[in-house]
K.L.:
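This is the structure I want to talk about, given as structure tokens.
It should be emphasised that the depicted structure is a prediction, and the values quoted were computed from it without experimental measurement. What's counted below: heavy atoms across the whole structure, side chains too, no hydrogens, waters or symmetry copies. Protein chains get the first letters and strands the later ones, always in sequence-line order, with residue 1 at the start of each.
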Number of protein chains: 2
Amino acid sequence: MLSTIQVLRRFNRTYTQRIGVLDESFLGLGLPLSSARLVFEIGAEGAGVGDLRSRLGLDSGYLSRLLRSLEERDLVTVEPDPADRRRRTAILSPSGRRLLEQLEQRSEDLAHRLVAPLTERQRARLSEALGTADLLVRAATVSLDEVDPAGSRATAAMGHYFAELDRRFPGGFDPGAPTPPDSFTVATSDGRPVACGGVQQIGAGIGEVKRMWVDPAWRGAGLGSRLLRHLEGVAADAGHRVVRLDTNGTLSEAIAMYERAGYTSIERYNDNPYAELFFEKALP
Amino acid sequence: MLSTIQVLRRFNRTYTQRIGVLDESFLGLGLPLSSARLVFEIGAEGAGVGDLRSRLGLDSGYLSRLLRSLEERDLVTVEPDPADRRRRTAILSPSGRRLLEQLEQRSEDLAHRLVAPLTERQRARLSEALGTADLLVRAATVSLDEVDPAGSRATAAMGHYFAELDRRFPGGFDPGAPTPPDSFTVATSDGRPVACGGVQQIGAGIGEVKRMWVDPAWRGAGLGSRLLRHLEGVAADAGHRVVRLDTNGTLSEAIAMYERAGYTSIERYNDNPYAELFFEKALP
DNA sequence: CAACTTGTCTGACTGAGGTCAGATAGATTG
DNA sequence: CAATCTATCTGACCTCAGTCAGACAAGTTG
């Protein structure tokens with residue numbers, strides 16, 4: 001029986017040899033690979049230069065040069081951002097958009113050719129396997145960052161949380177004027193918040209986990225328990241011996257997860273009108 | 001519901017962003033990536049230069065230069081093959097073998113770090129998904145080549161076939177002095193024959209599929225039916241209207257496959273002492 | 001054994017990909 | 001408003017990766 005790591009390494013070799021070419025399908029349209037990738041990354045909506053730099057992990061000088069060469073070929077226009085004229089935004093020109101379509105097409109053709117020898121049933125198996133692998137690999141590479149509890153990343157993530165509560169609670173949800181917790185963690189994947197949660201002191205040696213949320217598309221990938229473990233670590237570092245949390249009966253997945261994580265039901269400890277269930281766990 | 005192609009393309013993006021780094025783990029040991037890959041490919045047992053060329057898909061001049069640079073660093077020795085002194089074989093020196101170990105270690109560490117955030121169950125799911133994807137991707141990218149029926153590739157593949165018959169038949173198997181068929185197809189993956197089969201005229205408009213074999217590790221991936229379809233095409237191109245084949249009752253997987261492919265049982269049409277069952281299919 | 005084929009090597013050259021050290025223009029802050 | 005910081009750009013430079021043409025030695029064939 002092979003270990004996950006052996007399977008992963010074996011797959012990696014298979015993959016780079018055979019599917020890796022999907023990327024190189026960008027070649028042959030008269031553009032070097034990195035320029036083609038850049039066109040792909042700018043996309044139909046355009047993107048900020050700094051944004052591109054971080055997404056592609058390129059040196060600022062190098063990226064600048066790539067953009068200049070795309071401009072010379074009339075594929076891209078770069079314009080200053082009106083709000084902050086130091087920043088610039090790259091947008092595809094009409095011919096750039098045509099090129100993007102060709103790139104998409106080629107990549108699709110190649111994918112098509114790759115699965116062509118498989119029967120319908122095998123394709124379905126492959127789809128399912130790759131879909132599972134995709135979710136798990138994404139889940140494994142989500143980065144958990146502690147952010148400023150009053151900053152924009154925290155606010156944006158909390159927005160998703162409040163919006164979901166509002167959708168799920170029969171009478172809607174009114175966050176009022178929320179006070180930021182002592183510490184706030186955001187889980188990000190591809191630049192988007194996919195989960196979040198805060199920790200706040202509510203008594204001597206007692207921390208509370210607040211505003212914990214996981215994007216619905218990401219549930220079942222273990223992200224919730226990972227985040228919860230992380231938040232318990234944050235609480236422990238802050239000197240708490242116990243963590244508590246409250247929740248609403250509607251949020252059944254969350255409740256199941258708290259129980260799996262070793263939380264036990266306790267009496268009401270606050271006057272949160274939306275809370276119906278209360279949990280506690282002693283930190284090791 | 002996403003199509004296989006969409007899933008594949010999505011996975012490809014996830015993958016190149018996150019696992020693609022497994023390869024670059026070869027960097028940082030003072031060797032450029034291609035040299036490191038070459039050391040990896042030479043492996044502990046050494047490898048022929050031509051073999052390396054085809055496995056890595058490199059230009060002969062480029063490969064030669066890479067080998068020279070590894071020789072200069074005392075990582076590799078290249079020696080002529082005693083049987084054919086044009087051919088040369090690359091072998092790792094002791095320090096080359098140490099380097100290979102370091103490369104393996106790094107790649108393993110990286111894979112380990114990647115799966116570390118997953119729970120045991122998730123890792124098992126990932127293993128299974130990647131294993132399935134690996135088999136299917138390999139099966140999809142096997143290349144079917146028509147080779148010289150009397151050449152070395154055909155002989156090597158047939159050797160596997162005869163060896164398996166010898167293992168499986170109660171009284172063993174004696175191929176005698178086999179005459180090469182009119183046409184022979186070998187399916188190759190990573191330079192190894194994984195399946196083969198020949199077509200021979202045995203009457204006016206009648207072709208026979210002979211010596212068809214699929215590597216046991218590859219059964220269940222649809223390779224057999226794909227090869228059979230290919231051989232039927234070869235027979236049709238040769239002007240045959242019907243294909244026949246004979247087989248032994250021991251080879252139950254093969255028999256099931258012939259039936260699935262639309263073959264029907266017929267009377268004995270030859271005096272092959274090992275054959276017990278006879279099939280026929282009309283070509284469209 | 002002459003003519004060919006095959007396997008590897010050498011030399012000359014190219015472009016992609018990337019780094020680093022400033023320069024410059026716009027924003028922010030005391 | 002001077003000083004500082006930030007986002008981007010320019011110029012100089014370097015290595016890696018790869019191609020192509022041809023040389024050459026060893027093997028094969030008529």
K.L.:
Figure out the CG/C1' separation between B/Leu38 and D/dG18, and round it to whole Å.
P.N.:
15 Å
K.L.:
Between the protein and nucleotides 22-28 of chain D, which nitrogen or oxygen pairs come in under 3.5 angstrom?
P.N.:
| unit_1 | atom_1 | unit_2 | atom_2 | d |
| --- | --- | --- | --- | --- |
| D/dG27 | OP1 | B/Arg85 | N | 2.7 |

K.L.:
Please round to the nearest 0.5 Å and tell me the distance separating atom OG of B/Ser3 and atom CD of A/Glu108.
P.N.:
7.0 Å
K.L.:
Apply the test salt bridge (charged side-chain N to carboxylate O under 4.0 Å, His left out) to residues A/Arg87 and A/Asp84: give CA-CA distance (whole Å), side-chain angles for both, the deciding distance (0.1 Å), then the verdict.
P.N.:
CA-CA 6 Å; A/Arg87 278 178 220 216; A/Asp84 178 345; 3.6 Å; yes
K.L.:
Go nucleotide by nucleotide along DNA chain C from the 5' end; which of A/Ser34 and B/Asp51 gets its closest nucleotide reached first?
P.N.:
B/Asp51
K.L.:
If I take atom CZ in residue B/Arg53 and atom C1' in nucleotide D/dT19, what distance separates them, rounded to the nearest angstrom?
P.N.:
14 Å
K.L.:
Rounded to whole Å, please give me the gap between CG in B/Asp59 and C1' in C/dC13.
P.N.:
13 Å
K.L.:
Are any non-hydrogen side-chain atoms of B/Phe162 and B/Arg211 less than 4.5 angstrom apart?
P.N.:
yes
K.L.:
Rounded to whole Å, how long is the line connecting atom CG of A/Leu33 with atom C1' of C/dG17?
P.N.:
10 Å
K.L.:
Looking only at side chains, do B/Arg68 and B/Ser64 share a donor and an acceptor under 3.5 Å apart?
P.N.:
yes
K.L.:
Find the distance A/Arg88:CZ to C/dT24:C1' and express it as a whole number of Å.
P.N.:
12 Å
K.L.:
Which residues in residues 63-79 of chain B have at least one heavy atom lying under 4.0 Å from any atom of DNA chain D?
P.N.:
B/Arg65
K.L.:
When you check the gap from the basic side-chain N to the acidic O, do B/Asp81 and B/Arg85 get nearer than 4.0 Å?
P.N.:
no
K.L.:
What nucleic acid atoms does B/Gly61 come within less than 4.0 Å of, heavy atoms only: base, sugar-phosphate, or nothing?
P.N.:
base
K.L.:
Rounded to the nearest angstrom, tell me the gap between atom OH in B/Tyr62 and atom C1' in C/dT8.
P.N.:
17 Å
K.L.:
Please report the closest heavy-atom contact between B/Ser189 and B/Val194, naming both atoms and the distance.
P.N.:
CB-CG1, 4.0 Å
K.L.:
How about B/Leu58 and B/Leu66: do any of their side-chain heavy atoms sit closer than 4.5 Å?
P.N.:
yes
K.L.:
Hey, could you give me the OG1/CG distance between B/Thr89 and B/Asp51, rounded to the nearest 0.5 Å?
P.N.:
9.5 Å
K.L.:
Tell me: CZ of A/Arg87 to C1' of C/dT28, nearest whole Å?
P.N.:
13 Å
K.L.:
Is it true that atom CZ of B/Arg97 has more than 12 heavy atoms of other residues, nucleotides or ligands lying nearer than 6.0 Å?
P.N.:
yes
